[in-house]
2 protein chains.
Amino acid sequence: MTKGPRPQAPVSCPIGRAVGLLGERWTLLILRNANLGTTRFDAFRAELGIADNILSSRLARMVEAGLLTRVPYRGSGRTRHEYRLTTAGAEVLPVLHALAVWGQEHTESPEPAAPMRVIHQQCGQVTTPGRVCDHCGEPVRREEEAWVRPWLSSEPTVLASPVRTGS
Amino acid sequence: MTKGPRPQAPVSCPIGRAVGLLGERWTLLILRNANLGTTRFDAFRAELGIADNILSSRLARMVEAGLLTRVPYRGSGRTRHEYRLTTAGAEVLPVLHALAVWGQEHTESPEPAAPMRVIHQQCGQVTTPGRVCDHCGEPVRREEEAWVRPWLSSEPTVLASPVRTGS
DNA sequence: GGCTAAACTTGCTCAACGCAAGCCAGCGAA
DNA sequence: TTCGCTGGCTTGCGTTGAGCAAGTTTAGCC
């Protein structure tokens, strides 16, 4: 237990509590990739370049915090586990949107061109990351949202769906 | 210089870059309080309970990153410095909004009742933190936005204005 | 001339991070 | 059968960062 506001300190401010859970060193980046469909240990490691002991402890803490769930799957006969988004993890999306907008506006990209874009698949148009489509004015539902990250690929990536937590 | 994505690593993803600048241990909390009007070293220390060597280095880094500016002021004759928001610092507000919403939804408050609220002063009504007022539908401009944090006071706090950075 | 306050700075300790290497279970190939 | 490989961790060790406490500087004030 740290003294800083890190692991779920009982602070009154919801921002403080959110920062306590989400503000650790890799958590938001793991959630970004999980929202883009990454589920497996190897994939997180390869995409993020994070050391595996740290990834391991981070994933465990995120499962404990209810941001991810560990679900078994069968990878060629052998039973393994993958990390799927919970609704709490999926609902970090507005935070990621806000960070993306701020990052585009206030930080310098190493590559000159090709910023990240969000596509509202229902109308097929580019929109700024947010709740409502700039183009058609409709609310952007998560199943209709795709991200284009030109530095990786020109293909859009549809957001991953959270696992259905019974209730 | 760390190896993680911490201090302005030249990453392609705007979220990664934003997390690199904003994701350090106290940065978002300092920005929260700066957006609520805190400007002085002492006040940050008292409000956040942060150690002063860390506050000192954090403020210096934030000034260097362009989130805050150090401006001289005269406190009863003596010239001192205060830390004022730049526009880059002020525009972290949507991130804080998103964190506040997520925190209210997905974390447990130590006190039972009294969640944080946002008031749109133009119509005088409570709204969820965001770009548009839930009540009147108008965009909430920052000068019209006030936060009520009942665990501190029942008085609303109007958001601080950033310093005018020439052009 | 001594006191006080604001804003740091310095020194020490411990937790967190990063790297590298090792481990383990099961499959497929030799 | 043993060998190697692959995915997911765990262990050990060194480095960076955070927390605490105490000291320092600057200038107004009595």
Side-chain angles (χ1 to χ4, degrees), chain A residues 1-9 11 16 19-30 33-34 38-65 68-84, chain B residues 1-9 11 16 19-30 33-34 38-65 68-84:
Chain A
M1 188 73 53
T2 353
K3 285 299 185 48
R6 212 68 356 199
Q8 69 260 50
V11 288
V19 167
L21 281 177
L22 305 177
E24 276 183 312
R25 204 147 159 120
W26 288 98
T27 304
L28 280 169
L29 299 179
I30 291 171
N33 288 28
T38 303
T39 57
R40 281 173 38 189
F41 191 95
D42 253 36
F44 283 115
R45 178 173 50 187
E47 290 163 9
L48 297 172
I50 181 177
D52 38 3
N53 54 350
I54 293 164
L55 177 56
S56 177
S57 71
R58 209 48 24 116
L59 289 173
R61 242 187 279 189
M62 290 170 75
V63 167
E64 197 186 2
L68 301 173
T69 1
R70 233 165 83 103
V71 298
Y73 76 105
R74 282 168 312 134
S76 67
R78 175 101 183 264
T79 298
R80 298 205 164 279
H81 296 276
E82 60 180 2
Y83 298 88
R84 300 284 310 278
Chain B
M1 192 71 49
T2 356
K3 287 295 185 53
R6 212 72 348 204
Q8 69 257 49
V11 286
V19 167
L21 280 177
L22 305 176
E24 277 183 313
R25 205 144 158 124
W26 287 98
T27 305
L28 280 169
L29 299 179
I30 291 172
N33 288 28
T38 303
T39 58
R40 281 174 37 192
F41 191 95
D42 253 36
F44 284 115
R45 176 171 53 187
E47 290 163 10
L48 297 172
I50 182 177
D52 39 4
N53 54 349
I54 294 165
L55 177 57
S56 177
S57 69
R58 208 47 26 113
L59 289 173
R61 243 187 279 188
M62 290 170 75
V63 168
E64 197 186 1
L68 301 173
T69 358
R70 234 167 84 103
V71 299
Y73 77 105
R74 279 169 314 133
S76 68
R78 177 97 182 268
T79 298
R80 298 205 166 277
H81 295 275
E82 59 182 1
Y83 297 88
R84 300 282 311 277

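Per chain, numbering begins at 1; letters A, B, ... match sequence-line order.
The side chain to side chain donor-acceptor pair (under 3.5 Å) check on B:T38 picks up B:E47, with sequence neighbours excluded. In this structure B:T39 satisfies the side-chain contact (heavy atoms from CB on, under 4.5 Å) test together with B:E82, B:R84, sequence neighbours excluded. Residues satisfying the salt bridge (Lys or Arg N to Asp or Glu O under 4.0 Å) test with A:R70, not counting sequence neighbours, are none. Checked against salt bridge (Lys or Arg N to Asp or Glu O under 4.0 Å), A:R40 has no partners two or more places apart in sequence or in another chain. Applying the side-chain contact (heavy atoms from CB on, under 4.5 Å) criterion to B:L48, with sequence neighbours excluded, gives B:W26, B:L29, B:I30, B:R32, B:N33, B:F44, B:I50.
Close to D:dG7, at under 4.0 Å from its OP1 or OP2, lies no side-chain N or O of A:Y83.
Fit an axis to the five pairs at each end of the helix from C:dG1-D:dC30 to C:dA30-D:dT1 and the two axes sit 10° apart, to the nearest 10 degrees.
B:E82 places its CD atom 14 Å from the C1' atom of C:dA7, with the value rounded to the nearest Å. One interatomic measurement links the two molecules: CD of A:E24 to C1' of C:dG18, which rounds to 16 Å at whole-angstrom precision. In this structure, CG of A:D52 is placed 10 Å from C1' of C:dG18, rounded to the nearest angstrom. Rounded to an integer number of Å, the gap from A:L55 CG to C:dC19 P is 13 Å. Rounding to whole angstrom units, CZ of residue A:R25 and C1' of C:dA15 are separated by 12 Å. Counting to the nearest Å, the C1' atom of C:dG26 and the CZ atom of A:R80 are 8 Å from each other. Across the protein-nucleic acid pair, A:H81 atom NE2 and D:dG7 atom C1' stand 12 Å apart, rounded to whole Å. The distance between atom CZ of A:R58 and atom P of D:dG8, rounded to the nearest whole Å, is 19 Å.
For A:S56, the listed nucleotide lying nearest its side chain is D:dC9; candidates were C:dT9, D:dC20, D:dC9.
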Just the atom pairs and distances: protein N or O near nucleotides 11-14 of chain C's N or O, under 3.5 Å.
{"residue": "C:dG11", "atom": "O6", "partner": "B:N53", "partner atom": "ND2", "Å": "3.2"}

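Looking only at side-chain heavy atoms (C-beta outward), B:L68 and B:L59 come within less than 4.5 Å of each other. The side-chain heavy atoms of B:H81 and B:V71, taken from C-beta on, include no pair separated by under 4.5 Å. Between A:V63 and A:Y83 the shortest side-chain heavy-atom distance falls below 4.5 Å. Contact annotation: the side chain of A:R61 approaches that of A:E24 to within less than 4.5 Å [non-hydrogen atoms, C-beta and beyond].
Among residue pairs with one or both ends in residues 49-59 of chain A, those qualifying as side-chain hydrogen bond (donor to acceptor under 3.5 Å, both in side chains) are A:R45-A:D52; sequence neighbours excluded.
For the pair B:L21 and B:T27, the tightest heavy-atom approach, listed with the atom from each and the gap, is O-CG2, 3.8 Å.
Contact check of residues 39-47 of chain B against DNA chain D (heavy atom, cut-off under 4.0 Å) returns no residues at all.
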